[in-house]
Amino acid sequence: MPRLHPRAIPLADALACVTSVPLTAEAAVPPFANTAMDGFAVRAADSGPGARLRIVDTLAAGHDPAGMVVGPGQAIRIMTGAPIPEGADAIVMVERTSVAGDDVVLEVAVPVGNHVRSAGEDLLPGQEVFPAFTVLTAGHLGVLASLGLRRVPVFPRARVGVLSTGDELVDGPDELRPGQIRDSNRHTLLALSRDAGCEAIDLGLVRDDLDTVRSAVVGGLDSCDALVTSGGVSMGDFDEVKKVLVELGASEDAWMQVAIKPAKPLAFAMVGDKPVFGLPGNPASSMVSFEMFARPALRQMMGHPSPERERILAIADDGFSRVSDGKLHLVRVVGAFADDGRLHVRSSGGQGSNLLRSMALANGLAFVPDGDGIPPGGEVPVALL
Ligand code: AMP
Ligand code: MG
């Protein structure tokens with residue numbers, strides 16, 4: 001999947017985005033030598049048990065030490081984060097001192113550099129901070145902020161248009177007429193898109209009419225980097241998404257049946273460099289299909305070094321029984337790590353492709369290969385959702 005063109009975006013919007021170039025420090029962090037402790041700035045040579053030094057000044061964090069000097073036999077009272085004043089080369093923490101009138105009495109001898117944080121200890125000017133293809137976490141954003149960066153060059157979030165197709169669908173609480181159901185897929189797919197790091201655009205409900213579907217898809221592609229549709233990709237008489245994506249992909253291969261359960265039917269077309277994912281309408285199928293096909297592709301567009309979900313070999317406590325049907329079964333499971341350090345999983349409920357609640361309860365998808373299933377206590381690979 002082609003990556004989106006990198007651009008610099010505000011730091012505040014960059015969480016979970018991926019850097020497009022190596023980032024280099026232009027300044028030292030910390031910018032100056034400063035104290036790691038509240039205490040007294042001293043000359044190490046003057047320190048020792050019982051040493052008595054004259055307190056000549058007080059220095060708080062954020063204040064300029066210009067003009068302050070720690071001379072022989074002197075000390076400056078200093079707060080964490082304040083610059084090391086001229087003449088001082090060590091800090092004695094306040095807990096190891098006592099004040100007697102204008103003097104401080106030290107309990108200990110300290111070496112040069114004691115509790116001193118040197119300039120550039122975290123980052124030096126010219127140093128590579130993070131390589132390209134770094135997924136930005138809170139800590140990364142903090143480091144970039146410490147360097148004064150306002151914007152960071154990343155692969156931008158994919159703008160993903162999401163639409164539902166189906167004459168039976170109703171949005172929201174309106175009373176249902178005979179044959180109607182409420183649209184859930186748009187909400188799950190918008191949320192999955194956001195969760196994948198994309199900017200999700202609601203393109204609404206679309207009727208099962210070839211021209212309407214075509215104009216919704218073509219119109220959506222105008223303003224989005226990728227489209228996700230649900231419904232209309234099966235073998236029914238009114239499965240118009242399938243026809244439109246076959247047209248747009250200019251190939252019968254744009255429609256396929258994947259040997260997985262749920263989520264067998266899938267339509268896919270690249271329109272220019274924009275992918276269109278025609279996901280099945282059954283609610284659990286559309287979510288599983290998004291997980292398997294759309295999510296990794298969208299994350300690839302956004303530069304993710306590892307676009308796939310993490311997989312773990314888990315213990316199937318109750319096993320998974322199945323009959324051989326030529327398909328990989330993707331079983332919705334609830335998993336938890338146990339005292340043995342292993343992930344233990346169980347079915348999260350009914351596995352019908354229309355049953356969404358078990359999908360909502362699941363925190364993993366178990367990959368149960370074709371065959372007669374997995375015995376209780378057997379191992380099964382699980383994608384962590
Ligand atoms: P389709 O893939 O269009 O043949 O739809 C398969 C099944 O999923 C049918 O029972 C549809 O009513 C149902 N379905 C399709 N789209 C949605 C949706 N957006 N929300 C909930 N159910 C849907
Ligand atoms: Mg339909």
**Student:** Hey, are Arg157 and Glu199 close enough for a salt bridge, meaning a charged N less than 4.0 Å from a carboxylate O?
**Tutor:** no

**Student:** Determine whether Pro275 and Phe268 make a side-chain contact, defined as any pair of heavy atoms from C-beta on separated by less than 4.5 Å.
**Tutor:** yes

**Student:** Give a yes-or-no answer on whether the side chains of Arg332 and Ser358 include a donor-acceptor pair shorter than 3.5 Å.
**Tutor:**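 Arg332 vs Ser358: donor-acceptor pair found between side chains.
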
**Student:** How far apart are the closest heavy atoms of Gly73 and Asp46, and which atoms are they?
**Tutor:** N-OD2, 2.8 Å

**Student:** Following the transitive rule for hydrophobic clusters with a side-chain heavy-atom cut-off under 4.5 Å over Ile, Leu, Val, Met, Phe, Trp and Tyr, establish whether Leu356 and Leu189 coincide in one cluster.
**Tutor:** yes

**Student:** Is Leu136 close to Leu144 at the side-chain level, that is, under 4.5 Å between some pair of heavy atoms?
**Tutor:**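 The answer is yes, as the side chains (C-beta and beyond) meet within the 4.5 Å cut-off.
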
**Student:** Heavy-atom distance under 4.5 Å between the side chains of Thr97 and Glu107, does that happen here?
**Tutor:**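 They are not in contact (no side-chain heavy atoms under 4.5 Å apart), so the answer is no.
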
**Student:** Would you find a donor on one side and an acceptor on the other, under 3.5 Å apart, between the side chain of Arg43 and the backbone of Val70?
**Tutor:** yes

**Student:** Looking at Ile55, Val42, Asp57, which one forms a side chain to side chain contact (heavy atoms under 4.5 Å, CB included) with Ile76?
**Tutor:** Asp57

**Student:** Salt-bridged, Arg186 to Asp171, with N to O below 4.0 Å?
**Tutor:** yes

**Student:** Establish whether Leu203 and Leu210 are linked, either directly or via other cluster members, by ILVMFWY side-chain heavy-atom contacts under 4.5 Å.
**Tutor:**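 Yes; tracing contacts between hydrophobic side chains, which count when under 4.5 Å, links both residues.
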
**Student:** Could you tell me if His140 and Thr137 have a donor-acceptor pair between their side chains, going purely by distance under 3.5 Å?
**Tutor:** yes

**Student:** Check for a donor-acceptor pair, side chain of Asp317 on one end and backbone N or O of His344 on the other, with a separation under 3.5 Å.
**Tutor:**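 Between the backbone of His344 and the side chain of Asp317 there is no qualifying donor-acceptor contact (under 3.5 Å).
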
**Student:** Measure from the side-chain N and O atoms of Asp103 to the backbone N and O of Gly101, and report whether any donor-acceptor pair falls under 3.5 Å.
**Tutor:**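 Pair absent, no side-chain N/O of Asp103 close to backbone of Gly101.
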
**Student:** Are any of the side-chain nitrogens in Arg322 or Asp370 under 4.0 Å away from the carboxylate oxygens of its partner?
**Tutor:** yes

**Student:** Do Asp167 side-chain atoms and Asp208 backbone N/O form a donor-acceptor pair below 3.5 Å?
**Tutor:** yes

**Student:** Could you give me the CA-CA distance, side-chain angles and deciding distance for Asp239 and Lys242, then say whether salt bridge (charged side-chain N to carboxylate O under 4.0 Å, His left out) is met?
**Tutor:** CA-CA 6 Å; Asp239 285 331; Lys242 163 179 163 180; over 6 Å; no

**Student:** Check whether any side-chain N or O of Gln257 sits under 3.5 Å from a backbone N or O of Pro265 as a donor-acceptor pair, and report yes or no.
**Tutor:**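 Checking the backbone N and O of Pro265 against the side chain of Gln257, no donor-acceptor pair under 3.5 Å is found.
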
**Student:** Return yes if a side-chain donor-acceptor contact under 3.5 Å exists between Thr212 and Asp209, otherwise no.
**Tutor:**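 Yes, Asp209 and Thr212 have a side-chain donor paired with an acceptor closer than 3.5 Å.
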
**Student:** Donor-acceptor pair, Gln300 side chain versus Ala297 backbone, under 3.5 Å?
**Tutor:**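 Between the backbone of Ala297 and the side chain of Gln300 there is no qualifying donor-acceptor contact (under 3.5 Å).
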
**Student:** Testing the basics here: between Asp183 and Ser164, what is the closest heavy-atom pair and its distance to 0.1 Å?
**Tutor:**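 The answer is OD1-OG, 2.9 Å.
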
**Student:** Should we say atom NZ of Lys327 is surrounded by more than 12 heavy atoms from elsewhere, each under 6.0 Å from it?
**Tutor:** yes

**Student:** I would like to know whether Glu240 and Thr165 meet side chain to side chain contact (heavy atoms under 4.5 Å, CB included); could you show each step before the answer?
**Tutor:** CA-CA 9 Å; Glu240 311 296 12; Thr165 69; over 6 Å; no

**Student:** Of all heavy-atom pairs between Ala44 and Pro111, which one has the smallest distance, and what is that distance?
**Tutor:**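 Heavy atoms of Ala44 and Pro111 come nearest at CB-C, 3.8 Å.
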
**Student:** Check the pair Val368, Ile374 against side chain to side chain contact (heavy atoms under 4.5 Å, CB included), reporting the backbone distance first and the verdict last.
**Tutor:** CA-CA 7 Å; Val368 180; Ile374 291 170; 4.2 Å; yes

**Student:** Check for me, please, whether Phe130 and Leu141 land in the same ILVMFWY cluster - side-chain distances under 4.5 Å, paths through other members count.
**Tutor:**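 Looking at the clustering, Leu141 is in the same group as Phe130.
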
**Student:** With Arg311 as the cation and Phe367 as the aromatic partner, state whether NZ or CZ is under 6.0 Å from the six-membered ring centre and within 45° of the axis.
**Tutor:**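 Yes, Arg311 sits over the ring of Phe367.
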
**Student:** Would you say the side-chain atoms of Ser234 pair up with the backbone N or O of Gly236, donor to acceptor, closer than 3.5 Å?
**Tutor:**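 Absent.
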
**Student:** What pair of heavy atoms forms the shortest contact from Leu59 to Pro65, and how long is it?
**Tutor:**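 So the two residues come closest at CD2-CB, 3.8 Å.
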
**Student:** Would you kindly confirm whether Val18 and Leu15 end up in one hydrophobic cluster when ILVMFWY residues are joined by side chain heavy atoms under 4.5 Å apart?
**Tutor:**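 The answer is no; the residues belong to distinct hydrophobic clusters.
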
**Student:** Taking Thr134's backbone N and O only, do any of them form a donor-acceptor pair with Thr19's side chain (distance below 3.5 Å, no angle check)?
**Tutor:** yes

**Student:** Using the rule given for side chain to side chain contact (heavy atoms under 4.5 Å, CB included), can you reason through Val334 versus Val345, listing the C-alpha separation, both sets of side-chain angles and the distance that settles it, and then say yes or no?
**Tutor:** CA-CA 5 Å; Val334 188; Val345 297; over 6 Å; no

**Student:** Using the rule side chain to side chain contact (heavy atoms under 4.5 Å, CB included), only one of Leu330, Asn282, Leu266 pairs with Ser289; which is it?
**Tutor:** Leu266

**Student:** Can you give me the closest heavy-atom contact between Met302 and Leu4, atom names plus distance?
**Tutor:** CG-CD1, 4.4 Å

**Student:** Side chains of Asn185 and Phe290: closer than 4.5 Å at any heavy-atom pair?
**Tutor:**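 The answer is no; the side chains never approach within 4.5 Å.
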
**Student:** Step by step, would you call Arg357 with Leu355 a side chain to side chain contact (heavy atoms under 4.5 Å, CB included)?
**Tutor:** CA-CA 6 Å; Arg357 189 163 171 274; Leu355 303 176; over 6 Å; no

**Student:** Does any N or O in the side chain of Gln74 come within less than 3.5 Å of the main-chain N or O of Gly71, such that one atom is a donor and the other an acceptor?
**Tutor:** yes

**Student:** How about Leu384 and Asn363: do any of their side-chain heavy atoms sit closer than 4.5 Å?
**Tutor:** no

**Student:** Is Lys274 salt-bridged to Asp225, going by a charged N under 4.0 Å from an acidic O?
**Tutor:** no

**Student:** For the pair Arg159 (side chain) and Cys224 (backbone), establish whether a donor and an acceptor sit closer than 3.5 Å, ignoring hydrogens and angles.
**Tutor:** no

**Student:** So if you build clusters from Ile, Leu, Val, Met, Phe, Trp, Tyr with side-chain heavy-atom gaps below 4.5 Å, do Leu248 and Val233 land together?
**Tutor:** yes

**Student:** So do the side chains of Val108 and Arg96 get within less than 4.5 Å of each other, counting heavy atoms only?
**Tutor:**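 They are in side-chain contact.
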
**Student:** With the side chain counted from C-beta on, respond yes when Phe320 and Val380 share a heavy-atom pair under 4.5 Å apart, and no when they do not.
**Tutor:**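 When only atoms from C-beta onward are counted, Val380 and Phe320 do touch, with a gap below 4.5 Å.
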
**Student:** State, to 0.1 Å, how close Met270 and Pro2 come at their nearest heavy-atom pair, and which atoms those are.
**Tutor:**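 Heavy atoms of Met270 and Pro2 come nearest at CE-CD, 4.0 Å.
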
**Student:** Are Glu308 and Arg295 ion-paired here, with the side-chain N under 4.0 Å from a carboxylate O?
**Tutor:**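 Salt bridge absent between Glu308 and Arg295.
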
**Student:** With a 4.5 Å limit on heavy-atom distance, are the side chains of Val217 and Leu221 in contact?
**Tutor:** yes

